[in-house]
There are 2 protein chains.
Amino acid sequence: MRPDQRRVPEGVIERLPTYLNALVELRQDGVSTVASSRLGAMTGVNPAQLRRDLGYFGYLGRRGVGYDVPGLVDTIQRILGSDHTHRLALIGAGNLGSAIARYRGLRNHGFIVTAVFEDDLRKVGQRMGDLIIKHVDELERVVADQRIRIGVVAVPPEAAQSVTDRLVRAGIGVILNYAPVMVRVPDDVVLHNSDPVRELLHTLYYLSELEGVASS
Amino acid sequence: MRPDQRRVPEGVIERLPTYLNALVELRQDGVSTVASSRLGAMTGVNPAQLRRDLGYFGYLGRRGVGYDVPGLVDTIQRILGSDHTHRLALIGAGNLGSAIARYRGLRNHGFIVTAVFEDDLRKVGQRMGDLIIKHVDELERVVADQRIRIGVVAVPPEAAQSVTDRLVRAGIGVILNYAPVMVRVPDDVVLHNSDPVRELLHTLYYLSELEGVASS
DNA sequence: TAGATTGTTAATCGATTAACAATC
DNA sequence: TAGATTGTTAATCGATTAACAATC
């Protein structure tokens with residue numbers, strides 16, 4: 001088993017987008033080469049770990065010099081798959097949906113919302129940015145026609161599971177769920193439940209700890 | 001050092017909200033007692049790990065019986081600090097801000113948005129739910145008056161760091177940042193950067209892997 | 001060449017899991 | 001009591017870090 005075929009730990013994959021952010025920043029500033037110590041300081045990662053992480057993908061720095069910034073940007077984008085554009089289907093044209101559609105970070109990383117779906121007939125047919133809001137019944141057809149592989153769920157909690165099931169049936173590969181319920185998907189679909197409450201509860205613990213709240 | 005004074009690993013804290021969700025569900029269904037095997041199956045956590053996690057807080061189940069559902073709900077809420085209500089300051093009254101203010105999950109877990117701030121004078125003075133949108137210049141005063149300790153940043157990326165700095169100066173303890181930039185805070189402030197793009201990039205990797213895209 | 005920084009080995013650390021005596 | 005399930009020990013696993021020879 002060659003090193004670049006070894007299974008890559010999930011922690012490594014989670015750190016790649018962080019590296020990418022820092023590297024894009026460096027590239028904008030015209031920096032052509034970066035040492036693991038500097039990139040580590042920028043991202044809060046131990047330099048040894050950073051070198052090891054990059055090693056998983058067989059990416060080579062130059063001893064005594066460091067890593068080539070543009071080259072590493074390209075490499076990480078290729079590893080993550082963000083070196084080409086991805087079409088997103090957005091389900092839910094409420095406040096959250098509008099916020100997502102408008103989100104600049106998405107376009108910068110090659111994500112383009114190419115279809116928006118809604119249940120509410122008053123919204124169907126209206127514009128959202130360059131797109132016309134479609135009825136959710138068209139979901140399967142449009143997803144297939146446009147060969148969309150990523151779905152973003154931004155509907156009320158009651159509707160989240162049924163929308164998710166439709167996306168799965170339509171053959172989508174990745175679902176990002178922003179509804180405040182956990183949804184379930186088959187094993188072959190990649191799911192990310194984004195629950196702000198869970199994040200808040202999690203940080204809350206550290207708040208109490210910081211303030212030294214007695215537990216008795 | 002007694003076991004309940006040992007430092008609790010971060011992974012444990014991250015799992016607590018998941019346990020809490022499942023337990024609340026069980027409680028709604030009138031289940032009074034649950035074994036680690038069942039709760040583990042519901043949450044995707046190994047039963048042994050679950051028992052160990054609860055052990056960190058000195059919480060005791062009953063051998064041969066399991067864990068008391070309402071008791072465990074109370075205990076986890078107390079550990080996380082969600083056994084009493086928390087006031088939130090929301091900064092940014094755009095689409096994202098509106099979505100957050102309306103988010104039901106928050107109120108269910110004791111989080112109440114009690115102040116909304118905006119930069120845009122056209123929005124200042126308007127209503128959002130029961131609240132009047134305030135100008136961001138009032139932030140420090142209102143946060144101090146209402147003794148708010150949690151701030152949620154939902155402003156455009158350019159404004160995120162300066163808003164964060166104001167929150168820090170106002171003495172806030174926890175900041176949830178939903179703007180698509182990393183912001184920096186002093187060590188004594190708990191920060192959570194919620195970057196949807198990072199989540200997307202991360203899931204994207206698994207999509208390519210699933211589809212067996214060749215890397216050469 | 002001399003200085004810098006990598007790639008990688010070995011050591012450390014911590015988290016996860018299996019197993020089982022204790023006990024409800 | 002017999003069956004069930006905990007709390008906890010010991011074993012495993014994997015990730016992180018320090019250290020340094022290789023090398024630009």
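Just so it is clear, the values below take in all heavy atoms, side chains as well, and ignore hydrogens, waters and symmetry mates. Below, chains carry the letters A, B, ... as their sequence lines are ordered, and counting in each starts from 1. Computed from a predicted model, the values in this text were never measured in an experiment.
- Counting to the nearest Å, the P atom of dT23(D) and the CZ atom of R63(A) are 6 Å from each other.
- Side-chain nitrogen and oxygen atoms of Y56(B) include none within less than 4.0 Å of the OP1 or OP2 phosphate oxygen of dG7(D).
- Expressed to the nearest 0.5 Å, how far NE2 of H84(A) lies from NE2 of H86(A) amounts to 4.0 Å.
- Residues Y178(B) and N193(B) have side chains that never bring a donor and an acceptor to within less than 3.5 angstrom of each other.
- End-to-end axis angle for the helix from dG3(C)-dC24(D) to dC24(C)-dG3(D), using five pairs per end and rounding to 10°, comes out at 20°.
- Here the CG atom belonging to L50(B) is positioned 13.0 Å from the CZ atom belonging to R38(B), to the nearest 0.5 angstrom.
- Computed from coordinates, the L72(A) CG to dT6(C) P distance equals 11 Å when rounded to whole Å.
- Proximity of I100(A) to L90(A): side-chain heavy atoms (C-beta onward) are separated by under 4.5 Å at one or more points.
- Near DNA chain D, meaning a heavy atom under 4.0 Å away, the residues from residues 22-51 of chain A are N46(A), A48(A), Q49(A), R51(A).
- Proximity of a side-chain donor or acceptor of Q161(A) to a complementary backbone N or O of R184(A) within less than 3.5 Å is detected.
- The distance between atom CG of D53(B) and atom P of dT8(D), rounded to the nearest whole Å, is 14 Å.
- Within 4.0 Å (heavy atoms only), G11(B) reaches no atom of the nucleic acid at all.
- S82(B) and Q77(B) form no side-chain donor-acceptor contact under 3.5 Å, judged by distance and modelled atom types alone.
- Interatomic distance, N46(A) CG to D53(A) CG, rounded to the nearest 0.5 Å: 10.0 Å.
- One atom, CZ of R62(A), and another, C1' of dG3(C), lie 15 Å apart when rounded to the nearest Å.
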Chi angles and distances behind the salt bridge (Lys or Arg N to Asp or Glu O under 4.0 Å) call for E158(A), R104(B): CA-CA 12 Å; E158(A) 314 80 68; R104(B) 307 178 208 175; 2.9 Å; yes

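- Donor-acceptor pairing under 3.5 Å, judged by distance alone, is present between the side chain of R52(A) and the base of dT9(C).
- We find the OH-CG distance between Y19(A) and L26(A) to be 14.0 Å, quoted to the nearest 0.5 Å.
- Taking 4.0 angstrom as the limit, Y67(B) places a side-chain polar atom (N or O) nearer than this to OP1 or OP2 of dG7(D).
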